[in-house]
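The structure appears below as structure tokens.
When a ligand or atom number is given, it counts from 1 through the structure's own listing order.
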Amino acid sequence: MKEAVAGELAEAYDSRLIDQVRAADYHYTAGRLTIHLAREFGFCYGVDRAVDYAYQARRRFPGRNVFLTGEIIHNPHVNDRLRAEGIRFLSDSGERGEELGPDDVVILPAFGVTVGDMAQLSRQGCTLVDTTCGSVLNVWKNVIRYARDGFTSVIHGKVKHEETRATASQALKYPEGRYLVVLDRAEAASVCDYIRNGGDREAFLERFASAASPGFDPDRDLQRIGCANQTTMLMTESLEIGELVGAAMRDRYGADQLAEHFRAFDTICSATQERQDAVTALLDEHQLDLMIVVGGYNSSNTCNLARICADRVGTFHIAEPDCLVSASEIRHRPIGAPSTVTGLETVERDWLKSSGSLTVGLTAGASTPNNIVGDVIRRLDTFSNNP
Ligand code: SF4
């Protein structure tokens, strides 16, 4: 069905303006405004494929109910369009996943579902359209190997994120499988401290109560560790956490025993890495007045792009073009706010300088389609040149 939906997808998500900006070496100039667009931004290969499969599924099974387990990707615009296509979301109130049966079609999102949810849907006989990204499957492969070999998976990720929950569940495929999710350097450092020095077991368990596998025992389960990560985390932070844990294991067990106690694989996906590298290059190359990062507020990779930018220049993370309300008002998500808090948005006044040349950097997360980025450029142009 790929060709059958290609036109529909292009109409829904492509942008001629973005094609023109790309052709103009990622620059857009109008009046006093110059926009520099990151050379890698927006839809990644996994998201592209997942959205494509969702549209194909709708066409392929015209007389049947088609469901998504939850958001297919973290972009409100794309999810709303799929709802308009008649695809129902099991995460919406009133939907009862346990009542689905062989007549129902269920699309699994790009970040995958837990082993338990997959088994349940299979038992119910649903037709499954699995869009789990190959890069996520690669993480799972490593985590399953860790579990098989008796290593605890220490996963750098967000414990409530669908991908991390799915990845953690893979660690439980073997009876001796364990996992521990760490959000950031601070949490990794506390794990490292326990590895080196031991400590208050109850306090450790309390701190990681919702982030560890059932029955987790830090005295037993931190002796052999394999590092993994949610594919969309900040790459530099993931690498640093791997090094921190590796150093702690070396201190605890000695360099000659390290291989027996520690493993690590870089499981940041290439699309995430390319987007982070591209925005870093953009920040290095241009003197910017401000940076706009476009993407869902619960999109991990978008939040991390915004963090990179905010370290260098004033940055606004916006979810959609309408967040640019006027030349004097912008709605945005505060950088660094937990991505689990989905409703958080703030309003800023006088965000755009009113005279003189204006240079804006622009990028978008892996779940943001080009038409949204194009509309952001149009609004920036209007508010800069015709406020
Ligand atoms: S961000 Fe990476 S892992 Fe996630 S869907 Fe895109 S390519 Fe796949």
Side-chain angles (χ1 to χ4, degrees), residues 9 13 38-57 68-79 81-82 107-114 118 128-144 153 155-170 181 227-239 242 265-280 293-308 317 319 339-340 363-370 372-373:
L9 285 167
Y13 302 118
R39 289 177 186 274
E40 294 289 344
F41 67 95
F43 269 15
C44 58
Y45 50 83
V47 163
D48 223 13
R49 176 173 164 274
V51 174
D52 187 11
Y53 278 19
Y55 276 75
Q56 289 191 50
L68 263 159
T69 52
E71 295 189 346
I72 189 164
I73 55 171
H74 289 149
N75 185 282
H77 170 77
V78 176
N79 288 307
R81 273 192 174 263
L82 291 175
I107 304 167
L108 311 180
F111 21 66
V113 296
T114 64
M118 179 69 124
L128 300 181
V129 178
D130 189 354
T131 79
T132 308
C133 179
S135 295
V136 174
L137 294 174
N138 181 46
V139 183
W140 293 0
K141 200 172 66 188
N142 284 304
V143 165
I144 292 169
S153 289
I155 303 165
H156 176 216
K158 297 173 178 173
V159 76
K160 290 189 178 165
H161 191 285
E162 296 94 326
E163 183 191 315
T164 291
R165 290 199 290 118
T167 296
S169 74
Q170 296 290 326
V181 179
C227 285
N229 49 261
Q230 188 180 313
T231 52
T232 50
M233 300 304 276
L234 200 58
M235 185 187 59
T236 49
E237 191 173 44
S238 272
L239 293 175
F265 292 93
D266 175 9
T267 53
I268 291 280
C269 82
S270 58
T272 295
Q273 187 173 337
E274 284 162 8
R275 278 151 190 70
Q276 292 177 6
D277 290 349
V279 84
T280 302
V293 180
V294 195
Y297 291 156
N298 56 346
S299 160
S300 169
N301 79 87
T302 310
C303 290
N304 285 324
L305 289 173
R307 282 174 66 195
I308 291 171
H317 174 183
S339 64
T340 45
T363 190
S367 46
T368 308
N370 280 356
I372 295 292
V373 184

_Let me check your reading of the structure: within less than 2.8 Å of atom 6 (Fe) of ligand 1, is there an N/O/S atom from Cys44?_
yes
*asked:* Show me which atoms of ligand 1 lie under 4.0 Å from any heavy atom of Thr232.
replied: 1 (S)
*Walk me through it: do Gln230 and Ser300 pass the test side chain to side chain donor-acceptor pair (under 3.5 Å)?*
CA-CA 9 Å; Gln230 188 180 313; Ser300 169; 3.2 Å; yes
_Here's a test for you: under side-chain contact (heavy atoms from CB on, under 4.5 Å), which of Asn75, Ile73, Val294 qualifies with Pro369?_
Asn75
*Would you check if Ile107 and Thr131 make a side-chain contact, meaning some heavy-atom pair closer than 4.5 Å?*
yes
*asked:* Looking only at the side chains, is there a donor atom on one of Glu163 and Thr231 sitting less than 3.5 Å from an acceptor on the other?
replied: yes
*Counting heavy atoms only, which of Ile73, Asn301, Thr272, Thr231 comes nearest to atom 3 (S) of ligand 1?*
Thr231
*Of all the atoms in Cys269, is at least one N, O or S atom closer to atom 2 (Fe) of ligand 1 than 2.8 Å?*
yes
_Please list, in number order, the atoms of ligand 1 under 4.0 Å from a heavy atom of Gly46._
5 (S), 7 (S), 8 (Fe)
*With atoms numbered from 1 as shown, which atoms in ligand 1 lie under 4.0 angstrom from a non-hydrogen atom of Ser135?*
3 (S)
*Full working for side chain to side chain donor-acceptor pair (under 3.5 Å) between Asn298 and Glu71*: CA-CA 11 Å; Asn298 56 346; Glu71 295 189 346; 3.1 Å; yes
*asked:* Give me the nearest non-hydrogen protein atom to atom 8 (Fe) of ligand 1 as residue plus atom name, then the distance to 0.1 Å.
replied: Cys133 SG, 2.3 Å
*Are the ring centres of Tyr297 and His74 closer than 6.0 Å?*
no
